[in-house]
Asker: 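Once you've had a glance at the structure underneath, I'll fire off some questions.
Side chains included, hydrogens not; waters and symmetry mates left out as well; all remaining heavy atoms used. In listed order, ligands and their atoms are each counted from 1.
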Amino acid sequence: MDLYIDTANLDEIKQVHAMGVLDGVTTNPSLIAKEGVDYGKRLSDVCKVVSGPVSAEVVATDFEGMMKEGRERAKIAPNIVVKVPCTVEGLRACKAFTDEGIKTNLTLCFQPLQGLLVAKAGAFIISPFIGRLDDVGEDGMILIHQLRQIYDNYGFKTKVLAASIRHPKHLVECAMAGADIATVPFSVIKQMMSHPLTDTGLAKFLSDYKKAFG
Ligand code: G3P
């Protein structure tokens, strides 16, 4: 399972990149707005740190607007993936970008038929939002299983990217369900290599070593 970080914060991206396990980055308008920086400049700076796919979202909601913005975003760097919403206009844009050789990430996916249609339109990535489904009393993981099965049934190459990850258990379940990618907030990435028994076990090894060998 590829690991992306879900942030527009450069320090967080650099820290996870330094761990040697970062495959890509997802951003969205909320994440870049939170940084208080220029939208395009921040995307360009992220692409200077990470060579893997960097998702750059459009804010237009009509087909023509999405195409215009998406083409501009795609010029920022060769690893930009244009992110468009799972709407009818987004579906049209997905097909048109695919025909132009521009990779897409179809975001805000909340049900499997959105995933079926965007795969038919050639989406590079589909982004089901697990946590937000859990927030409204549904089970987001079911959507990951549904998309995995549908894509496997028909040999679609679209990658299932689990988004809106809130805690490590989501990640374990995504990996077991066969998600291709998980995009994870910095706080949860830090939890991935952490366990209290690792810490206490290491402290005991070191104190035993010191007692015996000085
Ligand atoms: O990339 C966006 C997605 O991961 C959103 O997460 O926590 O705002 O639902 P969240």
Asker: So which protein heavy atom does atom 7 (O) of ligand 1 come closest to, and at what separation?
Answerer: R166 NE, 2.9 Å
Asker: Any carboxylate oxygen within less than 4.0 angstrom of a Lys/Arg side-chain nitrogen, looking at D45 and K48?
Answerer: yes
Asker: Would you mind running through ligand 1 and noting each atom that sits below 4.0 Å from a heavy atom of F129?
Answerer: 2 (C), 3 (C), 5 (C)
Asker: Going by the order shown, which atoms of ligand 1 are within less than 4.0 Å of some heavy atom of N28?
Answerer: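 That gives atoms 1 (O), 2 (C) of ligand 1.
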Asker: With the threshold set at 4.0 Å, does a side-chain nitrogen-carboxylate oxygen contact exist between E64 and K68?
Answerer: no
Asker: Quick one: nearest non-hydrogen protein atom to atom 8 (O) of ligand 1, plus distance?
Answerer: R132 NH2, 2.8 Å
Asker: Report the residue from N105, T107, D6 that forms a side chain to side chain donor-acceptor pair (under 3.5 Å) with T26.
Answerer: D6
Asker: Going by the order shown, which atoms of ligand 1 are within less than 4.0 Å of some heavy atom of D6?
Answerer: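 Answer, ordered by atom number: 1 (O), 2 (C), 3 (C), 4 (O).
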Asker: Taking only heavy atoms of A163 into account, list the atoms of ligand 1 that are under 4.0 Å away from them.
Answerer: 4 (O)
Asker: Can you say whether the rings of Y209 and F213 are parallel (under 30°), tilted (30 to 60°) or perpendicular (over 60°)?
Answerer: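 Plane angle between 30° and 60°, so tilted.
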Asker: A quick test of your reading: do over 12 heavy atoms of other residues, nucleotides or ligands sit less than 6.0 Å from CE of M176?
Answerer: no
Asker: Does Q149, at its CD atom, have more than 12 non-hydrogen atoms belonging to other residues, nucleotides or ligands within less than 6.0 Å?
Answerer: no
Asker: Quick one: nearest non-hydrogen protein atom to atom 6 (O) of ligand 1, plus distance?
Answerer: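 Scanning the protein heavy atoms, the shortest distance from atom 6 (O) of ligand 1 goes to S164 CA, 3.3 Å.
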